[in-house]
Amino acid sequence: MPSAESNALLSPELMARLERLELVTRKVFRGHLKGERRSNRKGESVEFADYRSYVPGDDLRFIDWNLYARLDRLYLKLFQEEEDLHFYCLIDASPSMSFGNPTKLQCAKKLAAALGFVGLCRSDRVVIDTLGGIKSSAPMRGRAQLWRILEQLEQIEANDPTHMLDGVKRFSLRNSGKGIIVLITDLMDKTGYEAALRMLIAKQMDLFVIHMLSPEELDPTLLGDLRLIDSEDRDETEITVSRAVLKKYRQTLDQFVSQAKQFCARRSITYMLTPSDRAVDVIVTQYLRERGLVQ
Amino acid sequence: MSFISTLPWWAWLFFALIPPAIIALYFLKLRRAPLVVPSTYLWMRTIEDLHVNSLWQRLQNNVLLYLQLLVVALLFLALLRPGCRSESQLGQRSILLIDHSASMSATDESPNRLTVAKQKALKLVDAMASTDVAMVISFSDRAEVRQGFTSDRRQLRTAIESITETNRITDIREAVQAAAGLANPGRTSEIDNVNDIQVAEALPADLYVFSDGGFGGLEDFDLGNLSAKYIAIGQAEPTNIGIVALTATRNPEREEEIEVYGRLVNHSSSDKSVTTELYMDDVLIDATKTTLKPDQEAGVNFQLRGVEAGKLTLRVQEKDDLIVDNEAYTTITPTSKVEVLLVTDGNRALELALATPQAQKLARLTIVAPKYLDSPDFTKANNENKFDLIVFDNVSPKTMPFSNTLFLGASPAGDAWSFGEKQSPVMIVDTEKDHPLMRYLEMNAVQIFEGSALKSPEGATRLLESNIGTIIASAPRGPFLDVVCSFGLTRKENDSQVANTDWLVRRSFPIFLLNALEVLGNTDAESTARSILPGESIALKVGQRFNEVEVIDPKGNSAIATRGSMSQIVYPQTDNKGIYDVVAKDSDEALERFSVNLFSPRETQIKPLAEIGFGEEKVAAAPAQAPSRFEFWRWLTAIAVGLLTIEWIVYLRRIFV
């Protein structure tokens, strides 16, 4: 049964709204099972696609007998194949995600639950994973698997010290399928995020980066002589925060976000910056809709 | 520019460690509040331009460090006491004596001497070091401590600026004694005083005298720890013609004739021909022209007829450097006789001597027996101050009367006077002929049968000395004067009065009584009001029935004078020259008139002295400025403090990391 946190992750009202949505990809991938979305592959469905000449060995059930009667030649009816979609939600569970109110991780979990639910509703293969990896990250399909997703999400805690590149490497090795990947992260990796994103692009994935920052990162209110301790590597930075320094920080942040946006845009990665205190339904139904992840 | 090291070498060594210590402290970490943040990634990128680890780069752009080092450098420099030659500066302890007597009103300096003296004193105060202290004393005929020792230049300036001109004469002694008391504690500053022992630590001080030197009285003064500097105020050749005396004398033969006599003096370097005008009640009645050579005195004489009473003003029409002595005032009072009471059991010789024609012109004599002293009539007359003089012949009153007295062979009431044992014979040794009572007397041949030595009160004047001691003396008693003759004119022998002296038959006896009438009867032939110097107190001669009188000064301002603890009414506010009217407070009854004149040859002689003497020591006039050292250390310290403030502001504003 879903726990209280699960309820908090996904409210019934939100579920009701999400049921009407589906995940959209700009690319078409081959799924393993028949799903609820049309494939450009021809297959078995009720939707006519084309004709082709019969060749021996073809399934006789798909011969258009009416056409044979008229033309005296055998043609086979082709139908649109309906396939399932791989949807990966990769969450950055590093300690830096534990900041904010609600925490960035909590917001990421809600977002993953919402998107996963949308995927499950459309019989997509949904995989929830973290950069450091979780115990059972097997693909789930079908609405009934929602509780498992929620259970998985519950287990995620912000104590994963894995660097982004290592996490992406591990993820790529474990998951060979193609599809949509949504990376929810704060991009605060001192080794850089660029190599990790490049690796995901190389997998021909439809990549969405949701850049999640807490309000105190977006608009810090620090002042005075401080010894800043990095939550991830415990690195210490001594700083005297003045209004001038705060102004410079905001410039640096704008530059950082701008660089990330530019990097993503050049590589057809969909980038979205969101504060952690923004409501998930707004993110999904408004912002992600605008960016074409759901419709 | 020169330096004076204020610290020993080891202290400099210690201070030399301060700059490295500041730099070392700079690299020590501040005690900063720890704060866990999601990531320091962005913060590091924010401060990477400033947060550099290179020593040199760390030192660069650090205003706080530079300011601190600059402050230390300035303080070091201040400790070296840099300085340069300056023109004027006071010593560590200075006493500024500023003369504001009448002569300092002279206009040979522009606008006048006092203003110039004050300006010079202010210059000295401005040049004071912050650790120096000074005090300000003004002096004329009295000294006034305007400001005690202080280093507050504002207070000193205020004290100096508050000094105003006066019409008074100059007496520096009180002022230098006040100054000497501070520099030589416990000392009288008298030369050859063997008991003069210094009881407290001496405080040497510089004594600056801003004056024209018109004073004396310092012949027996010892400066001790005082270092005197005399700043002469005034031009070397001033021009001044002044009136130094004015009297109006009624002709004894013809009372309607009055002779006015004035004395002029020319203290200029050239001959002066001046017009002297005489005004009566502000109306010009006579004038005369006088020519005076330099430093020459001359008299001017006017004869007035048919004048009963009035105010006389003598004016010199000359624009000189000191105008305050160009006018003199006096009054002519109606003739009046002295009321004399003779208390005697009968003394024919005395009565005859007081009945001479000359004495009758002066006095109205009343002869009473001793028992009259106990009567209510006497008490009433005494309270009304009816008698100017009471002569007690072998009679002592129970209480002293409110009038002048002459005791012959009797002791005054009270313990002030006493007689010794009677001795015989009495040989006269010396007569004080300079005293107005004893003038024209030839006493050496006078024989006295018996007499007693007089024990007179303090302040008494010995008038006649004999082989047994003083036998005639006078002493003031409040506003009154008592003259006591210890030998009687007569003595009792076998129940009869016999002559005790042959003085009765000598010419000197009626002359003595005539002198007594003139001196003790408050009358003389001049018939003029008393004249005092500006600023002097005057004991008003009003009856005992008045406890308060109104005094109207020459400017028309009135003031109430009240009888003090003594039996007299003393009026001290006599700074304005002119004629003062004393009237009864309620009835406007005219009681007395006196004049205030600057009859002071010393003040009239306004040429500044080249040197002044303090005992044996002569102090020559010197400029107020003395070569001295102007130090910069306080400016350096002030800049250092300013820099510290800027550093504090920079730190608080957190402009830089």
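Protein chains get the first letters and strands the later ones, always in sequence-line order, with residue 1 at the start of each. Keep in mind the model is a prediction, meaning the values are calculated, not measured.
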Item to check | Atom group of Q255(A) that falls short of 4.5 Å from chain B, counting heavy atoms | outcome: side chain

Item to check | Region of R234(A) in contact with chain B, defined by heavy-atom distances below 4.5 Å | outcome: side chain

Checklist entry - Cationic tip of R266(A) within the cone over F263(A)'s six-membered ring, i.e. under 6.0 Å and within 45° of the normal? => result no

Checklist outcome for this item: Assert top hit (heavy-atom pairs under 4.5 Å, partner chain B, pool T252(A), I229(A), D235(A), D233(A)) equals I229(A)

Next on the checklist: Taking the side chain as everything from C-beta on, heavy atoms only, tell me whether I95(B) gets closer than 4.5 Å to I137(B).
Outcome noted: yes

Item to check | Test: K229(B) cationic atom under 6.0 Å from Y208(B) six-membered ring centre, within 45° of axis | outcome: yes

Item to check | Structural part of E217(A) lying under 4.5 Å from a heavy atom of chain B | outcome: side chain

Checklist entry - Is it true that a side-chain atom of Y41(B) and a backbone atom of T191(A) form a donor plus acceptor pair closer than 3.5 Å? => result no

Checklist outcome for this item: Residue set satisfying ring pair (Phe, Tyr, Trp, His ring centres under 6.0 Å) with H211(A), at least two apart, ordered chain then number -> F256(A), Y271(A)

Next on the checklist: Which atoms of L213(A) are under 4.5 Å from chain B, going by heavy atoms: the side chain, the backbone, both sets, or neither?
Outcome noted: neither

